[in-house]
Amino acid sequence: MKTINRRRFLGSLAVSTVCAGVARADIPQPAKLAMGEQENVRNNTWFIARQNRELRGQHIIDFWSKPLCDIDHANYLPPEIVRGTLWYDGAGTDFQEHPALKYVDSILEQDRSIWLYDKRLFAEHCPGMEGLSVPLLTMVGQKASTSRGGRTALLALDSQWLSTTDPDWADMLPAFRRCYDRVIGHFHIERRGFHHWKKWLSDGTFGDSFFEHFFTKTALQCDAIILTSQSLAEHDAHLSPRASTEALVGELIRRLGDALLDENVLEQIAPISTPVEKRAVHPRVFALGSAGASVSYPRVREIDLCHQRELVYGSFGKPILCPLLIATRCDTISAEYIRNQISGYNFLFLATLANSGRWRNGKYLEYLEFVTLWPFDPDYGPWF
């Protein structure tokens, strides 16, 4: 699935009725309803599109996004993760000519599905923003509530609508929690670290209340929050120095997706085997980085890990718990070597279930790939 930014979206659709509510590109806008807009919002309709995949077992991951995002997250995720998109638009439209349907057709070219007539893939429902639970439950079903595995929603919380009056993620999350055993949110922050990002949002047009509305209210409804930034993406010496910010962050997302396919990794990030009454009140917050090593010399550079730790401490928050080093592209022999190498450090090393052999997709592995997940205390207010 391909997400597109505002400029590409407007250029491809050129829908004047939609463009009237375009938000500023430099900062997300909160939902503010003016007098007389309430009635129009009630007449709006939820549209949901989801890839049709027959997945076996109880361990299922769905990726959900609104139409607009500066990073093409879904383009980088492994195919085992099911893509979905949702939008909120006016009712009473000719759905066959609806721009949202054309958009879905363009981002899921591989499926060549007729979304309008396949209810397993496409759903629409009135009335208004409070009605999301109905089509989502129809398409996804109730959560599994198993001790392990279960169903996981990975949400692109930095994705947006065109209109400033449409529902925020905070309004939508109760519906997702009815359908999924765990909810993991992802933000790509546009500043060096979390503290810089928070200050940038709080010092903007809307002040501290906007940060509360845009981030805090949403994050508190998730089981875990994972943050990416350009600064952490650049701390892996094995990534190309020519790569763009989007390519670097996309590589992080790809590796994260591979890691999330392992139930042991999911349990470390957002455990559901722990009884609900004993789980933490607040979600775990992680900063996501990467690391690499050569197959011929399987050793993670200690300086890369030290730099990442200092960056998290200085720009994100105080590191807490044990950081995770997860092998996402590695053979079993090299994984054991890495495990022994970092045995004296305060790291929890995990090798995903897919890691076996020195060949991947018919090619010999030249480099080993890892993600680093740094749990940190955001250190703002009583919690956020």
Side-chain angles (χ1 to χ4, degrees), residues 3-6 9 21-34 37 41 44 46 63-73 85-88 128-130 132 153-177 183-232 245 249 253 281-288 315-317 376-384:
T3 50
I4 55 179
N5 60 29
R6 292 178 174 83
F9 185 87
V22 176
R24 285 175 49 197
D26 59 336
I27 185 169
Q29 304 291 308
K32 292 180 66 177
L33 300 180
E37 290 182 336
V41 170
N44 279 1
W46 283 106
F63 172 80
W64 290 97
S65 174
K66 297 178 184 178
L68 305 181
C69 198
D70 290 332
I71 303 293
D72 293 346
H73 302 304
T85 186
L86 62 164
W87 60 96
Y88 187 68
M129 67 178 66
E130 68 278 4
L132 175 60
L154 177 62
L155 307 181
L157 298 179
D158 53 346
S159 60
Q160 298 295 317
W161 316 104
L162 276 173
S163 174
T164 61
T165 62
D166 291 339
D168 293 321
W169 280 108
D171 304 317
M172 298 155 56
L173 270 161
F176 280 94
R177 297 205 65 86
V183 176
I184 299 176
H186 168 254
F187 278 98
H188 175 67
I189 58 180
E190 300 180 4
R191 290 297 184 267
R192 179 172 178 81
F194 177 80
H195 292 317
H196 309 95
W197 183 59
K198 180 191 175 185
K199 185 176 186 301
W200 174 62
L201 291 180
S202 301
D203 290 348
T205 305
F206 302 99
D208 290 337
S209 61
F210 175 67
F211 180 81
E212 294 287 326
H213 185 89
F214 179 69
F215 182 77
T216 307
K217 187 178 177 182
T218 300
L220 286 172
Q221 299 182 67
C222 296
D223 298 298
I225 296 292
I226 296 177
L227 303 176
T228 55
S229 71
Q230 182 177 0
S231 58
L232 272 172
T245 298
V249 176
I253 295 300
V281 177
H282 303 302
R284 295 180 177 181
V285 185
F286 297 87
L288 176 66
S315 297
F316 287 81
F376 69 93
D377 181 2
D379 192 28
Y380 45 92
W383 187 65
F384 272 167

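Taken to the nearest 0.5 Å, the CD atom of Q230 stands 3.0 Å off from the OG1 atom of T245. Here OG1 of T218 is found 8.0 Å from CD1 of I225. Values are rounded to the nearest 0.5 Å. Rounding to the nearest 0.5 Å gives a distance of 7.0 Å between CD1 of I226 and CG of L154. Taken to the nearest 0.5 Å, the OG1 atom of T228 stands 7.5 Å off from the CD1 atom of I71. From S65, atom OG reaches atom CD of Q160 across 9.5 Å, with rounding to the nearest 0.5 Å. Of the inter-residue distances, the one linking M172 atom CE with L155 atom CG reads 8.0 Å to the nearest 0.5 angstrom.
Considering only heavy atoms from C-beta on, H186 stays 4.5 Å or farther from L288 through its side chain. Annotation: side chain of K198 is not in contact with side chain of F215 (no heavy-atom distance under 4.5 Å). Taking the side chain as every heavy atom from C-beta outward, W197 and S229 never approach each other to under 4.5 Å. The shortest distance between side-chain heavy atoms of S159 and W169 falls below 4.5 Å. Using a 4.5 Å heavy-atom cutoff, the side chains of H188 and D70 are not in contact. P167 has its side chain within reach of W46: a pair of non-hydrogen atoms, C-beta onward, lies under 4.5 Å apart.
Heavy atoms only, all atoms of each residue included: T85 and P67 are closest at OG1-N, 4.3 Å. The minimum heavy-atom distance linking F63 with H73 is given by the pair CZ-CB, 3.7 Å. Minimum interatomic distance between F214 and L157 (heavy atoms only, all atoms of both residues): CZ-O, 4.4 Å. Contact between F286 and A224 at its shortest, heavy atoms only, is CE1-CB, 4.4 Å.
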Notebook entry, point to check: Can you check side chain to side chain contact (heavy atoms under 4.5 Å, CB included) on F176 and Q221, steps first, answer last?
Noted result: CA-CA 10 Å; F176 280 94; Q221 299 182 67; over 6 Å; no
Next item on the list: Run the numbers on F187 and F194 for ring pair (Phe, Tyr, Trp, His ring centres under 6.0 Å), then give the verdict.
Entry: CA-CA 10 Å; F187 278 98; F194 177 80; 9.1 Å; no
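Checked by atom type and distance alone, the side chain of R177 never pairs as donor or acceptor with a backbone atom of V183 at under 3.5 Å.
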